[in-house]
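Below, chain A is the first sequence line, B the second, and so on; all start at residue 1.
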Number of protein chains: 4
Amino acid sequence: MNTLGKNFVFTSFGESHGKAIGGVLDGVPAGVHIDMDMIREALDKRAGRVKVKGERLEVKGTVSPRALREGDEVEWLSGVMDGMTLGTPIAFIIRNKDARPEDYEWLKYSYRIGHADRTYQEKYGIRDHRGGGRASARETASRVVAGSVAQQLLKEKGVEIQAKLVQVGEEKNPERFNEYIATIQRDGDSIGGIVECVITGLPIGVGEPIFDKLQSHLAFAMMSINGCKGFEYGSGFEGVELKGSEMYLSENHTLISGGMAGGISDGTPVVFRCVFKPTASNRKTFEAIRREGDEAKGKSIGRHDACIAVRAVAVVEAMAALVLQDLLSK
Amino acid sequence: MNTLGKNFVFTSFGESHGKAIGGVLDGVPAGVHIDMDMIREALDKRAGRVKVKGERLEVKGTVSPRALREGDEVEWLSGVMDGMTLGTPIAFIIRNKDARPEDYEWLKYSYRIGHADRTYQEKYGIRDHRGGGRASARETASRVVAGSVAQQLLKEKGVEIQAKLVQVGEEKNPERFNEYIATIQRDGDSIGGIVECVITGLPIGVGEPIFDKLQSHLAFAMMSINGCKGFEYGSGFEGVELKGSEMYLSENHTLISGGMAGGISDGTPVVFRCVFKPTASNRKTFEAIRREGDEAKGKSIGRHDACIAVRAVAVVEAMAALVLQDLLSK
Amino acid sequence: MNTLGKNFVFTSFGESHGKAIGGVLDGVPAGVHIDMDMIREALDKRAGRVKVKGERLEVKGTVSPRALREGDEVEWLSGVMDGMTLGTPIAFIIRNKDARPEDYEWLKYSYRIGHADRTYQEKYGIRDHRGGGRASARETASRVVAGSVAQQLLKEKGVEIQAKLVQVGEEKNPERFNEYIATIQRDGDSIGGIVECVITGLPIGVGEPIFDKLQSHLAFAMMSINGCKGFEYGSGFEGVELKGSEMYLSENHTLISGGMAGGISDGTPVVFRCVFKPTASNRKTFEAIRREGDEAKGKSIGRHDACIAVRAVAVVEAMAALVLQDLLSK
Amino acid sequence: MNTLGKNFVFTSFGESHGKAIGGVLDGVPAGVHIDMDMIREALDKRAGRVKVKGERLEVKGTVSPRALREGDEVEWLSGVMDGMTLGTPIAFIIRNKDARPEDYEWLKYSYRIGHADRTYQEKYGIRDHRGGGRASARETASRVVAGSVAQQLLKEKGVEIQAKLVQVGEEKNPERFNEYIATIQRDGDSIGGIVECVITGLPIGVGEPIFDKLQSHLAFAMMSINGCKGFEYGSGFEGVELKGSEMYLSENHTLISGGMAGGISDGTPVVFRCVFKPTASNRKTFEAIRREGDEAKGKSIGRHDACIAVRAVAVVEAMAALVLQDLLSK
């Protein structure tokens, strides 16, 4: 359903073009100060504005002006009094001020290829066609708010979560990502990317041996992010060519183990990666579809990301924080 | 903990060198005939005996004689009467007849590198050192029994699950897997592998839009299999180089989508892959460790798989079946 | 925590004197029309205005003007479009417009006897002293909104839930309840009451045999209502004097069975009762406490119910509806 | 389903006349010594043998020879090594050695009135007619084993649970219970009873404010015991006649509060009561039914309790222990 976690529980609600999106966080300990600036910063990152060497830069082709404003529009309804948590559920909302449902009117009668439009319609018999409804990536703003609260709780325990883009298309040099993405955007196209996340300060013993392995919970959470097509940790897929005799000679044992053994954190940094597909909502896709003869779908409206992996970085961090705070709340 | 699922619930118990391993399956509908031969066959596959073109072959370097006998040793305690399910919990056990705990006595005072020995000790303050206790892959026999029951329930609804090995080390040609693994084994080494699983007959609409996405549940289950280091579906990690404009031109759209859109099955075959690392318990690893100066751990006992991915095929199918039957039991 | 249900899931949030109270309902089927008048009516009942023979009467000593306004103040944030459910989570809020936190300032440094003030402080180390925070009965307004949605979904399936007051103090004649309560109120005192709930139209087979018995779920939900001290069904506590030989001679077998056998509905009306204690927040209590020497607590502020059982009727119906809709959503 | 608890999780399985009954306990901490004598004693109590002033007496009309032997027949399959818990799931079974399914052959084609036979058949389309299958009170032996493990874990934390019979029919003097029940039994009849349970040593703060109130969890667990028709705590149903002004004058405030405020333990002893109906499986019931013309059901076989409340005492303690250990495992 729309709830994640067992002891630190996040419930997400809201359609992207309804009245508001928001969430409820249950299981937050009482008496913790919440830093609203950190939440704003996390939302900024999700909007496409990233910090590089202390400077806040906007990655061309990915910045969402609407999302940038979200940081100032979070309304806290409960669970916090004078900036301190009460131990009661924290409810927050972000109103959909500049929703333009009329932009999406044409969608009422057509599906976007590669989108969840059709599966929703089949599943529910009804769907909020306005901007993808729940399927819209806007829902991840709620995740980022909740995840940022979780990250602050984790920080108090010495746990730090840091995700970054490590590959865009075939490009693996971060220095060139910005330029590469700008080119893709100018071309009206989109491209995939890989996000790597490193968690430090996690104590030994997080995760359970059989089904509730740490990597299982992380994979579950990451695969729930829009556009994520794969999850790996430590040696991952490239490790298929590894021989056992090579595994433990290596100096970078952590890179191979990924910080987990038998489903349980081993005290070294946890390292995992997620791959994101290119968004289907770009100009070229629509041209392509039109060329293939499906005129009804051949209309592209609104601004779409040239590389969704850029903005996914903030969501990866948020989801990792929600998972870890849940496992540590036991 | 040791329970998977919400509506079709599997609980696993038992240490590999205790009295017995087993499981409880709750949420099984009443009045279904269970085919014990199919369960035996699934356990055979997990033991390293595979069917190739109708013939049952044993993959050199992976066959476990102990596991081969498990098929004849499943004892059904409840939930089944005259071969029919009662709708009550199905409990079954496999006794650990030839447990040789003395083989593992040395482990009482040392950890095996790359094993969960140390994280368990740290987490629980006690551990059953005999054969890895719960961490042992023997626990997956219970999963295969339960998963085979699930597969039979799914078959009645037209859902078929078929996994197979698609890569061993750098080798991608199935014709050469057997020979390749035999070489690795002769060398006292071990090697990684990739298992691909295809699910057909799944109706549109399985999975939920936000957190309980179909791919999230599949990833959660697969990452819980011993040695699994990554999960991907559809275009997966290789898809990072894909451009949006290429995605929908391709004839093999299913290969890209993997049968899911927005977290929900779209009616086409679901396709995912898991990567398995080489086991650390091979001769060469121990030699390597000894070379690096850690004498205490430098002792290898018992038979170990040259490529655990071979036997993981049965477990991948079992876990996929448990997930799907759970989601379809709603 | 603050969530009830497994398949039809209600999450409640909000402090009574914070910004807003509200809730999220997940698992609501798509395409159902929601009648806002029925929700207003249920909230009215909770406010102390009841329907007797088609006429809306206010029960003296129990009507809450603040609660009466809640019916007009429910704001729907998501999950509903043009009066129809979308199948996505329904979020709603009721703003705490006339919150007067200053009335409760004295509570910051003292506990009210018989209230949860002290247990909260001990448990959380912090508490929102303003009007009891989460412990306040105001939280039940969210339950009534959610329960009314559930009741409408149940009505579509032919299930009707009807609760009523059957005893006030020693008085068992409904004709005299109003007068009796008015007397109690004039006296500055409060009194207990018993609410009986009858559920008709429930199909055979609701509930599970072992732990998830229908009566278990109903008891769980009823015991969570503020002031409820007991739950019984069918022959209940008076049945202690029953002999087996008398049980099945009786014409009113339903009264004895309460509509459930072995934890499962048997197709006859389900009948249960809940007892509510008198509220402790009345004038006489405070006088009494003061007489006993505890000056610090001896101050009574605000309006309090002479018989909370009157307004509990709406909450009993709401909780029963949430439980049944959850069990029927499986 | 067949599972209770969230952090300390008990799963029950087995039909009363199948191969075995048993259970799995998950979430047991590692390194705790389990006293098998205490488990035997708890099973004895459930069999009708009770301790009065240090002496073990058998209550006439309630002793079950079959159940008495269960204490010696518990087989531990996993989770315990050399009497110490491993932190892994504890699985245990009790084989149904003297099952006489032929006794119940006639039931294949008829239902017992007041039993769950019919609701089961309707719900599942199949049922194990042998001895009531899962509905049989024999299933509670598994609860007592698991509950006794929980009680031992609680004892280490200073929490003690003590239940006792406080009323049989209209008789409230314990000195006369034995004689009273013997009379009822000689008469071929059965009678109801009330069990009171007192929990001491529970720290302040157990239970959650809104839905997961301590009394909610206790009520849920008690209502799941066969034959339980009501649950009350503190002043309970008799408290309906209480005025607010009387509540806090009383010296026995604990009797009124029952040790909980706002759903949370307040540090004083927790006191609750459960009422049990007379069993329907007595000679007189069958005569009565036959007199009413339903010949098919008029056959009574086997031994049945004159007052099931006697043996329910052990089950009440077990269920209370399971609930508390679960809440304290958080």
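- With respect to B:Lys229, the side-chain contact (heavy atoms from CB on, under 4.5 Å) criterion is satisfied by exactly one of A:Phe272, A:Phe237, A:Tyr233: A:Tyr233.
- The minimum heavy-atom distance linking A:Leu242 with B:Pro278 is given by the pair O-CG, 3.5 Å.
- In terms of heavy-atom pairs under 4.5 angstrom with chain A, the leader among B:Met222, B:Arg143, B:Arg273 is B:Arg143.
- Comparing B:Val240, B:Thr3, B:Asp212 by heavy-atom pairs within less than 4.5 Å of chain A, the highest count is held by B:Val240.
- The contact between B:Cys228 and chain A is made entirely by backbone atoms, counting heavy-atom distances below 4.5 Å.
- The minimum heavy-atom distance linking B:Met1 with A:Lys6 is given by the pair CG-NZ, 4.3 Å.
- Contact of B:Leu218 with chain A is not made at all, since no heavy-atom distance falls under 4.5 Å.
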Using the rule given for side-chain contact (heavy atoms from CB on, under 4.5 Å), can you reason through A:Ile184 versus B:Lys243, listing the C-alpha separation, both sets of side-chain angles and the distance that settles it, and then say yes or no? CA-CA 9 Å; A:Ile184 292 286; B:Lys243 285 187 182 156; 3.6 Å; yes
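- Looking at residues two or more places apart in sequence or on another chain, you find a side chain to side chain donor-acceptor pair (under 3.5 Å) between B:Thr140 and B:Arg46.
- Rounded to the nearest 0.5 Å, atoms CD1 (A:Ile191) and CD (B:Glu246) are 7.0 Å apart.
- Side-chain contact between A:Asn226 and B:Lys213 is present, with heavy atoms from C-beta onward closer than 4.5 Å.
- Distance alone, capped at 3.5 Å, is enough to place a donor-acceptor pair between the B:Ser216 side chain and the A:Ser224 backbone.
- Take A:Leu4 and apply the side chain to side chain contact (heavy atoms under 4.5 Å, CB included) test, not counting sequence neighbours, and it matches A:Phe220, A:Met319, A:Leu322, B:Phe211.
- Between B:Glu139 and A:Ile210 the shortest side-chain heavy-atom distance falls below 4.5 Å.
- Of the listed residues B:Gly236, B:Gly227, B:Pro203, the one with more heavy-atom pairs under 4.5 angstrom with chain A than any other is B:Gly236.
- The CD1 atom of B:Ile194 sits 8.5 Å away from atom CD of A:Glu241, with the distance rounded to the nearest 0.5 Å.
- The contact between A:Ile204 and chain B is made entirely by side chain atoms (from C-beta outward), counting heavy-atom distances below 4.5 Å.
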